[in-house]
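All values reported here derive from a predicted model rather than from experimental measurement. Basis for what follows: all heavy atoms, side chains included, without hydrogens, waters or symmetry-related copies. Chain letters run A, B, ... following the sequence lines, proteins first, then strands; residues in each count from 1.
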Amino acid sequence: MRMSQLFSQTLREAPAEAEVDSHRLLLRAGYVRPLGAGIFSYLPLARRSMTRIETIIREEMDRIGGQEITMPVVHPAALWQETGRWYAIGDELTRFQDRADRDMVLAMTHEEVVADLARKEINSYRQLPLLVYQIQTKWRDEPRSRAGLIRVREFTMKDSYSLDLDEAGLDVQYRAHYQAYFNIYHRCGLPVLAVASDTGMMGGSLAHEYMYLTPIGEDTLLVCEATGYAANREVARFAKPAAAPEAPLPMEKIATPGTTTIDTLAALLNIPKARTAKAVFMVATLLEDQQTVERFVFAVIRGDMEVNERKLANAVQARELRPATEDEIRAIGAVPGYGSPVGVKNCLIVVDDAIPASPNLVAGANEDGYHYRNVNSGRDYTPHVVADIAAARDGDPTPDGRGTLREVRGVEVGNIFKLGTRYTVALNATYLDKDGQAKPIIMGSYGIGVGRLLACLAEHYHDDKGLLLPISIAPYQVHLVLLPGEGMAEVADRVYQALTAAGVEVLYDDRDERAGVKFNDADLIGVPLRLTLSPRALQNGGAEFKRRRDKDSRIVALDDILPTMQAEIAALYAEIRAGVVAVPYR
RNA sequence: CGGGGUGUGGCGCAGCCGGUUAGCGCGCACGCUUUGGGAGCGUGAGGUCGUCGAUUCGAAUUCGACCACCCCGACCA
């Protein structure tokens, strides 16, 4: 490609709104342009990189048996009503009416359509297992886009869907994706970590997220290098310090004026915080028979821990969770600051799983200025739900107790979900087994954000001069810089033709610009190999060759340019291949 | 949705205690000079100062409403 013809301009200065490096550089180097909040045009340079990423994805999906399809972007609302997500999902699902006033949605994901295809096309166990995928534009009206391409509202996503006879089949396809995703990221040159994650609105039983670790990430993770444990904060577990076994003692009311926090309570009574029970008041929105109802949730956790709201929401299967108002708290018979599960009514009591194993705790008395000593779950009150609702924090021990959790930030570049029968039962997608019995198809769904992957690569591969992309996803392999001089253009044209004819992908800077401009643009765009043709280089015996990542250059004779470039490209690809490794499943 | 910020040629910014014809750098076009790390000089094009309304003899400048974008939070399949 001749740069004089390229539809792209570099910018000396980045627009003021760009704050993160990848955003700034992708704008400055002329890869993308904004159209609105979280909406971008992808210019030729970005388009080429994304095509490379998509090619890698296709190869890896095909390798595990995927078949590429394309599903509609606009869906009839009826389908989403059948699975209930029409009601369960908020404004991030864009709804509209067609000319006949029929409700429609813009697709944010395709579980419904896949399950609909399955119920129409699949009849027999002989047709399974199956894996379909597409690479397509998704629209999600996120409340807040941010950080350039990291979080946008319109984006390209590879989504695949597995269909299986049973859980064992699902497990096979899930594990195949687990490794295929690592292959994809490794081939792009992006280091990632697979972490256990929440299944969220997708439903289902098991999920992993692929995280690129970076301080600008919006997810918080808890990881331990020693043990390999890694999980999203939303689901991270940890070994809770056990309470000393003790026979239950009689409950006893004590005066504790002015002690409305765990800190002041523990100090007043001179006991560790682990000997206290903390009350957290929330109101959950639950979905019952397609109706949303609010229920008061009384959460109880030991004083040395904090509640993780996502875990709590999952424990009661809440769609939403919000702090309760003081009036709501008093309405169930509790007193803020002195809350106790003893004697409250009209609420869902959820206790952390460390509570039943912790005897004789100090809890509130639901009376201003008083607490109870020796409160015991099961004896003094009956919890409706016992679950792990404690937040894992930096420094906590790993679940197996052998390591220490560290808190890091990451960007989610992909995820894999075991959906089970969440959608196939709702849509009655079944197959007949060997015995002629109708059984629900078992589903999994798997996603990769292509643009976000590019943004993470830009985030990972850059220096103060610009991008520095891996050969496997750079828009071009060789950046050919022509500097003016008698007959130079003819020489450079010949080199360009020869390389291109041999299949080398060349960005040829034939513009009438000064050397400094060309070198700076080359550094900005980040093509991995650079060739400079100039009178000086020619006098020294050929063209000047430099890798983008190296400081030094060397002269390559004109006749050696093609084999040298081919060898350099092969060497860079070999480096990439060496990084493609099997990752243990966990 | 809550909090904060910013809107002035393509980009970065100044002007804003009301007062000429709205300015600077970069970029863009043309000419001459220059030519290995974002050249110099000259000429020129390009702006209803986010929108609407109010105050005023007079508004980029003051006030109000709205809109857009960015950041933090909530949210996030």
Side-chain angles (χ1 to χ4, degrees), chain A residues 9-20 23-24 27-28 30 33-39 80 83 85 88-93 105 107-112 138-148 150-153 155 157 159 161 197-204 207 209 216-220 232 234 309-310 313 319-323 411-412 414-417 419 422-423 443-449 452 465-466 481-486 488 509 511-524 530 532-540 543-544 546 551 553:
Chain A
Q9 300 260 328
T10 56
L11 302 174
R12 285 208 185 182
E13 291 172 285
E17 73 254 21
E19 292 207 345
V20 305
H23 189 198
R24 224 186 341 254
L27 287 172
R28 280 195 61 208
R33 292 292 181 250
L35 180 62
I39 311 176
W80 287 68
T83 62
R85 287 210 286 188
I89 298 180
D91 287 339
E92 55 271 29
L93 176 65
V105 307
M108 52 167 57
T109 178
H110 282 77
E111 283 76 16
E112 276 79 1
K138 295 278 186 285
W139 170 261
R140 296 180 183 182
D141 197 357
E142 300 280 355
R144 185 176 159 229
S145 52
R146 61 175 288 271
I150 297 287
R151 183 179 168 109
V152 292
R153 295 193 293 167
F155 57 99
M157 183 180 184
D159 42 330
Y161 304 87
S197 72
D198 187 31
T199 50
M201 288 300 299
M202 296 295 263
E209 292 169 341
I216 67 158
E218 46 192 354
D219 285 281
T220 301
N232 196 305
E234 295 170 346
E309 286 189 21
R310 179 58 64 105
R319 183 182 154 188
E320 273 176 54
L321 207 57
R322 63 166 172 86
V411 174
E412 181 187 346
N415 54 37
I416 56 179
F417 285 93
L419 297 176
R422 161 74 179 84
Y423 297 93
M443 268 179 80
S445 92
Y446 317 84
I448 291 181
R452 184 180 276 185
K465 308 216 80 164
V481 177
L482 160 65
L483 297 185
E486 190 65 38
M488 289 316 304
D509 194 345
R511 298 174 303 169
D512 182 19
E513 290 288 353
R514 298 170 64 86
V517 172
K518 294 192 174 194
F519 289 140
N520 278 304
D521 279 351
D523 287 345
L524 195 51
R530 189 181 84 188
T532 304
L533 274 164
S534 67
R536 182 198 289 179
L538 210 54
Q539 217 162 22
N540 289 334
E544 184 185 289
K546 179 183 168 301
K551 255 188 96 138
S553 62

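- Spacing between B:G46 and B:G27 at atom C1', rounded to whole Å, works out to 12 Å.
- Taking atom P on both nucleotides, B:U61 is separated from B:C16 by 13 Å, rounded to a whole Å.
- Both A:Glu234 and A:Pro535 lie close to RNA chain B; mapped to their nearest nucleotides by heavy-atom distance, the more 5′-ward contact belongs to A:Pro535.
- At distances below 3.5 Å, not a single donor-acceptor pair connects side-chain atoms of A:Arg452 with backbone N or O atoms of A:Gly414.
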Any protein N or O atoms within reach of nucleotides 33-35 of chain B? Criterion: under 3.5 Å, listing atom names and distances.
{"from": "B:U34", "atom 1": "O2", "to": "A:Arg514", "atom 2": "NH1", "distance (Å)": "2.7"}

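- Mapping A:Gly516 and A:Asp141 onto RNA chain B by nearest heavy atom places A:Gly516 at the nucleotide closer to the 5' end.
- For A:His23, there are no side chain to side chain donor-acceptor pair (under 3.5 Å) partners, not counting sequence neighbours.
- Rounding to whole angstrom units, CG of residue A:Leu483 and C1' of B:A39 are separated by 15 Å.
- Ranking B:C76, B:G37, B:G38 by closeness to the A:Arg530 side chain, first place goes to B:G37.
- B:A65 and B:C76 have their C1' atoms separated by 32 Å, given to the nearest Å.
- A:Leu11 has its CG atom 13 Å from the P atom of B:C13, to the nearest Å.
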Nucleotide N/O to protein N/O under 3.5 Å, stretch nucleotides 68-73 of chain B:
{"from": "B:C69", "atom 1": "OP1", "to": "A:Ala37", "atom 2": "N", "distance (Å)": "2.9"}
{"from": "B:C71", "atom 1": "OP1", "to": "A:Ala147", "atom 2": "N", "distance (Å)": "3.2"}
{"from": "B:C72", "atom 1": "OP2", "to": "A:Arg144", "atom 2": "NH2", "distance (Å)": "2.0"}

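- Within the model, atoms CZ of A:Arg153 and CD1 of A:Ile39 stand 4.5 Å from one another, a figure rounded to the nearest 0.5 Å.
- Put simply, the side chain of A:Arg85 reaches to within 4.5 Å of the side chain of A:Glu111, judged on heavy atoms.
- If you take CG of A:Asn520 and C1' of B:C26, they are 14 Å apart, rounded to a whole angstrom.
- Scanning for side chain to side chain donor-acceptor pair (under 3.5 Å) contacts around A:Asp523 gives an empty result, with sequence neighbours left out.
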Check your understanding: Dot-bracket for RNA chain B: what is it, with Watson-Crick or G-U pairs under 3.5 Å, [ ] where a pair crosses earlier ones, and | for a pair to another strand?
Key -> (((((((..((((.....[...)))).((((((.....)))))).....(((((..]....))))))))))))....

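- If you take CG of A:Asp91 and C1' of B:C75, they are 11 Å apart, rounded to a whole angstrom.
- Only the P atoms considered, B:G50 is 9 Å distant from B:G7, to the nearest whole Å.
- Here the separation of B:A29 from B:G9, taken at their C1' atoms, is 15 Å to the nearest Å.
- Taking only side-chain atoms of A:Glu13, from C-beta outward, the nucleotide of B:G12, B:C76, B:A39 with the closest atom is B:G12.
- Contacts of A:Glu142 classified as salt bridge (charged side-chain N to carboxylate O under 4.0 Å, His left out), with partners at least two apart in sequence or in another chain: A:Arg151.
- B:C1 and B:G38: their P atoms are spaced 49 Å apart (whole Å).
- In this structure, A:Leu524 places its CG atom 15 Å from P of B:G38, rounding to the nearest Å.
- A:Glu92 has its CD atom 14 Å from the P atom of B:C1, to the nearest Å.
- Counting any heavy atom pair closer than 4.0 Å across all strands shown, A:Asn415 reaches sugar-phosphate atoms only and no base atom.
- Separating the CD atom of A:Glu309 from the C1' atom of B:A74 is a distance of 10 Å, rounded to the nearest angstrom.
- To the nearest whole angstrom, the two P atoms, one in B:G4 and one in B:U43, are 48 Å apart.
- From A:Glu13, atom CD reaches atom CZ of A:Arg28 across 8.5 Å, with rounding to the nearest 0.5 Å.
- Applying the side chain to side chain donor-acceptor pair (under 3.5 Å) rule to A:Arg24 yields the partners A:Asp21; only residues at least two apart in sequence or on another chain are considered.
- Looking at residues two or more places apart in sequence or on another chain, you find a side-chain contact (heavy atoms from CB on, under 4.5 Å) between A:Arg536 and A:Ser534, A:Asn540.
- With sequence neighbours left out, the side chain to side chain donor-acceptor pair (under 3.5 Å) criterion links A:Ser553 to no other residue.
- Across all strands shown, A:Lys138 has no heavy atoms under 4.0 Å from either base or sugar-phosphate atoms.
- Between B:G27 and A:Arg12, a contact under 4.0 Å exists linking OP1 or OP2 to a side-chain N or O.
- Every residue two or more places apart in sequence or in another chain that forms a side-chain contact (heavy atoms from CB on, under 4.5 Å) with A:Glu209 is listed here: A:Val195, A:Ser197, A:Met211, A:Asn232, A:Glu412, A:Asn415.
- Rounded to whole angstrom, the span from the CD atom of A:Gln9 across to the C1' atom of B:G27 amounts to 9 Å.
- Here A:Leu93 pairs with A:Trp80, A:Ile89, A:Arg95, A:Val105, A:Met108 under the side-chain contact (heavy atoms from CB on, under 4.5 Å) rule; sequence neighbours left out.
- Within the nucleic acid shown, A:Arg28 comes within 4.0 Å of at least one base atom, counting heavy atoms only.
- Between the C1' atoms of B:U8 and B:A60, the separation comes to 7 Å (whole Å).
- Evaluation of the side-chain contact (heavy atoms from CB on, under 4.5 Å) rule for A:Pro15 yields A:Leu11, A:Glu17, A:Leu27 as partners, not counting sequence neighbours.
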